[in-house]
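Some notes on the structure that comes next.
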Amino acid sequence: MAGQFAQRFTLLAQNIERVIRGKREAIELALVCLFAEGHLLLEDVPGTGKTTLARSIAASVDARLRRIQFTPDLLPSDITGVSIFNQATQSFEFHEGPIFANIVLGDEINRASPKTQSALLEVMEERRVTVDSASHPVPRPFLVVATQNPVDMDGTYPLPEAQLDRFLMRISVGYPDHAAEVEVLKGMPTGPQVEQLPLVARASDIAGMIDFATRIHVADPIYDYVVALVAATRTSPEIRLGASPRASLALVRAAKVKAAAAGRHYVVPEDVKALAVPVIAHRLVLTPEAELRERTGAALVSEIVAGLPVPQAFAGV
C-alpha cells in the first residue's frame with residue numbers, strides 16, 4: 001500500500017508540475033496538506049502561481065473547486081451559505097455557500113474583515129458549518145487554500161494567531177528559476193493549461209489515501225522528538241508565544257504523509273525535519289527585540305531543528 005501511495009503521489013506531483021514549472025517542493029507540500037487533511041496558506045507576491053496551484057490540484061483529482069475573492073464588503077454568509085424562506089413549503093431551506101467544495105480557494109484572505117475571516121474557523125477545524133443551530137458537513141476531501149499578498153498591506157486585516165494556527169502549513173511558491181521561466185514562455189499559449197490536465201485520481205481515491213496515511217507507524221522516539229522540537233519554541237528567548245499542541249499534532253500528521261509519499265510504512269526523523277519550518281514557523285509570535293533584528297520564525301525553527309539531537313534509535317538511519 002505504501003508503494004501505491006508513493007506512486008500516485010508522484011503522478012499527482014508530476015501532473016501539476018506540467019503547469020507549475022520548477023516548483024516541485026511547493027507542489028509536494030501542498031499535496032501533503034491535502035492528504036493530511038490540513039489547510040494551506042500561500043503567502044507570496046502576485047503572479048507566482050498561487051491560484052494556479054490550487055486549480056491544478058483540483059483538476060488532477062476530479063475535485064470540485066470553488067473560488068472566493070475576499071473583499072472588505074464580503075459577509076460571513078457569502079462563504080457559509082444562508083437559510084432562505086420557501087413560501088411553497090412554508091419552511092426555511094439552507095442554500096450552501098462556496099465553502100461546500102473539495103478544494104476552496106480563498107484569494108487574498110487578509111482583505112476581508114475579521115468577522116468574515118472567522119467564518120472559516122469552524123469549517124476548517126471541524127469540517128462542518130453551523131447555520132441556525134443546524135450542522136452541515138462539507139464534502140471529503142476538503143482543503144482550504146488561502147492566499148495573501150505580503151507586499152501590499154494597505155486596507156488589509158492581518159490574520160490573528162488563532163486563525164493562522166488553523167492552517168497546517170504556510171509556504172511561498174517563489175519565483176521560478178531561469179530555466180523554468182524560459183519553459184513557461186516557450187509554452188505560452190500552446191503549453192499545458194489547467195483545463196487540459198488529465199485526471200490522475202478520483203475524489204474517492206484521495207479519501208482512501210488519506211485513510212491509509214493515518215495508519216503510518218510512528219515510533220515512541222519520534223513522538224518524543226516532535227514534542228521536544230515544539231517545546232523548544234516555548235522556551236526560546238526570541239519567541240514570545242511558542243507553538244501549541246496543535247502544532248505537534250499537525251507535524252505528526254504531515255510526517256505520516258511524507259513517509260507514505262516516500263513509500264515507507266513508518267516515520268523517520270528526516271520526515272519531521274523536512275516539515276518543521278512550513279508547519280511550525282507561522283504559529284510563532286516573536287519578541288519585539290527579535291523582530292527589530294529582522295529575525296524570522298522560519299530561521300528560528302531551522303536553528304532549533306539543527307540543534308536538537310536525533311533520537312538514538314534513528315541515529316544511523
Exercise. F212 and F35: aromatic ring centres closer than 6.0 Å?
Worked result: no
Exercise. Using a distance-only test with no angle check, is there a side-chain donor-acceptor pair under 3.5 angstrom linking T233 and S236?
Worked result: no
Problem set entry | N-O pairing of D211 and R140 below 4.0 Å | yes
Exercise. Under 3.5 Å, is there a donor-acceptor pair between the side chain of T287 and the main chain of I239?
Worked result: no
Exercise. Does L41 reach the side chain of L159, with side-chain heavy atoms less than 4.5 Å apart?
Worked result: yes
Exercise. Which atoms form the tightest heavy-atom contact between R234 and S244, and what is the distance?
Worked result: NH2-C, 3.7 Å
Problem set entry | R264 with D271: basic N within carboxylate O range, under 4.0 Å | yes
For this session: Report the C-alpha distance between V145 and L42 in whole Å, list the side-chain angles of each, state the deciding distance to 0.1 Å, and finish with yes or no for side chain to side chain contact (heavy atoms under 4.5 Å, CB included).
Result: CA-CA 7 Å; V145 180; L42 293 172; 3.7 Å; yes
For this session: Could I get the full list of salt bridge (Lys or Arg N to Asp or Glu O under 4.0 Å) partners for R24, not counting sequence neighbours?
Result: E17, E28
For this session: Find out whether R67 and D107 are in side-chain contact, i.e. whether some heavy atom of one side chain is under 4.5 Å from a heavy atom of the other.
Result: yes
Exercise. Any sub-3.5 Å donor-acceptor pair from N102's side-chain atoms to L65's backbone N or O?
Worked result: no
Problem set entry | salt_bridge(D62, R202) N-O dist < 4.0 Å | no
For this session: Spell out, as yes or no, whether a donor-acceptor pair under 3.5 Å connects the side chain of R166 to the backbone of E125.
Result: no
Exercise. With the threshold set at 4.0 Å, does a side-chain nitrogen-carboxylate oxygen contact exist between E289 and R295?
Worked result: no
Seminar exercise, completed: When every non-hydrogen atom of G263 is compared with those of A6, the smallest separation belongs to N-CB, 3.7 Å
Exercise. Is it true that the side chains of Q148 and E108 contain a donor and an acceptor less than 3.5 Å apart?
Worked result: no
Problem set entry | Side chains of V310 and K273 in contact at under 4.5 Å (non-hydrogen atoms) | yes
Exercise. Have S91 and N86 got a donor and an acceptor in their side chains that come within less than 3.5 Å?
Worked result: no
Exercise. Would you say the side-chain atoms of K256 pair up with the backbone N or O of A213, donor to acceptor, closer than 3.5 Å?
Worked result: no
For this session: Without swapping roles, check the side chain of H39 against the backbone of V144 for a donor-acceptor pair under 3.5 Å.
Result: yes
For this session: Under the side chain to side chain donor-acceptor pair (under 3.5 Å) rule, collect the residues that match up with T71, sequence neighbours excluded.
Result: D73
Problem set entry | Validation row, ring centre F142 to ring centre F100 under 6.0 Å | no
For this session: Check for a donor-acceptor pair, side chain of T130 on one end and backbone N or O of S135 on the other, with a separation under 3.5 Å.
Result: no
Problem set entry | K50/D44 salt bridge by N-O under 4.0 Å criterion | no
Exercise. Is a side-chain donor or acceptor of R283 paired with a backbone partner of D165 at a separation under 3.5 angstrom?
Worked result: yes
Exercise. What residues form a salt bridge (Lys or Arg N to Asp or Glu O under 4.0 Å) with R215, not counting sequence neighbours?
Worked result: none
Exercise. Is any NZ, NE, NH1 or NH2 atom of the basic residue among R293 and E238 found under 4.0 Å from an Asp or Glu carboxylate oxygen of the other?
Worked result: yes
Problem set entry | H282-F167 aromatic ring centre distance below 6.0 Å | no
Problem set entry | Any donor-acceptor pair under 3.5 Å from R111 side chain to F70 backbone | no
Exercise. Less than 4.5 Å apart, any side-chain heavy atom of I210 and any of P141?
Worked result: yes
Exercise. Does Q117 reach the main-chain N or O of A112 with its side chain, forming a donor-acceptor pair under 3.5 Å?
Worked result: yes
For this session: Check for a donor-acceptor pair, side chain of R127 on one end and backbone N or O of M124 on the other, with a separation under 3.5 Å.
Result: no
For this session: Working to the nearest 0.5 Å, report the span between CG of L251 and CG of L229.
Result: 6.5 Å
Exercise. Nearest 0.5 Å, what's the OG-CD1 distance between S248 and I280?
Worked result: 7.0 Å
